[in-house]
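The next block holds one structure in the form of structure tokens; read it before the comments.
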Amino acid sequence: MSRVLIVEDEEAIAEIEKDYLELSDFEVVIKSDGTQGLATALNEDFDIMILDVMLPGTDGFEICKSIRERFDKPVLMVSAKKDDIDKIRGLGLGADDYISKPFNTQEMIARVKAQLRRYMRLGAMNSESMQDSIRIGDLYLDKHAKELNVNGESVHLTATEYKIMELLMSNPGRVFPAEEIYERVWEEPYYNADNIVAVHIRRIREKIEI
Ligand code: CA
């Protein structure tokens, strides 16, 4: 179970975030004061942090800067002010993503999950195969040429189809949820993406199935 620290002084918002995160099986800790939030962030173990910007005590920007040396896990910042959002994007505070208020809870959850998956991927990256080509049965993937061969015949794939094949062939035997395929190939949070992955998988099947 992933642990989330929410630092948010508006109780109603913190409670909504908590409810939705708990429904998605997260363990949630809420701090409503920035200084307490910072102390908690430094003394306890969390997988991800959701930081409001305007807080009593230490503000979200200060918290983000202070924890960055020791906390390499994802930090999402939340703000209603356009100036803040510009600052989060521009200043290299070390936030991984931001959510503007008022936010859609489904989107908030999608962003939290995407950041956690991205974080886990960074760790998994080194263990993933670094080889130049992969052969699985009749399929041969040449990573240099970005080419797929089926039974020795080159198959034309679009760039997206190639990325999907590379992902799947690099992890033989692993089952990927559509959500994860989408985020790793399209590099965006899976939100309102509906059938797009299924459509691509179907096209790939038509090309590679004999
Ligand atoms: Ca606030």
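Counting starts at 1 for both ligands and their atoms, following the listed order. None of these values were measured; they are calculated from a predicted model.
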query: If you draw the axis of the six-membered ring of F176, does the NZ or CZ of R174 fall within 45° of it and under 6.0 Å from the ring centre?
result: yes
- request: For residues S66 and L42, report the shortest heavy-atom separation together with the two atoms involved.
  value: O-CD2, 4.5 Å
- prompt: Within the distance-only criterion (no hydrogens, no angle test), does the side chain of R68 pair as donor or acceptor with the backbone N or O of F71 below 3.5 angstrom?
  reply: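 Here the side-chain-to-backbone pair exists.
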- prompt: Going by atom types only, do Q115 and Y119 share a side-chain donor-acceptor pair under 3.5 Å?
  reply: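 Side chains of Q115 and Y119: no pair found under 3.5 Å.
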field: Heteroatom count (protein N, O or S) under 3.0 Å of the Ca ion (ligand 1)
entry: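 Excluding waters, the total comes to 3.
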field: Carboxylate-amine/guanidinium contact E183 R117, below 4.0 Å
entry: yes
task: Pick out which of N149, V150, N151 makes a side-chain contact (heavy atoms from CB on, under 4.5 Å) with I208.
output: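 Looking at N149, V150, N151, the match for I208 under the side-chain contact (heavy atoms from CB on, under 4.5 Å) is V150.
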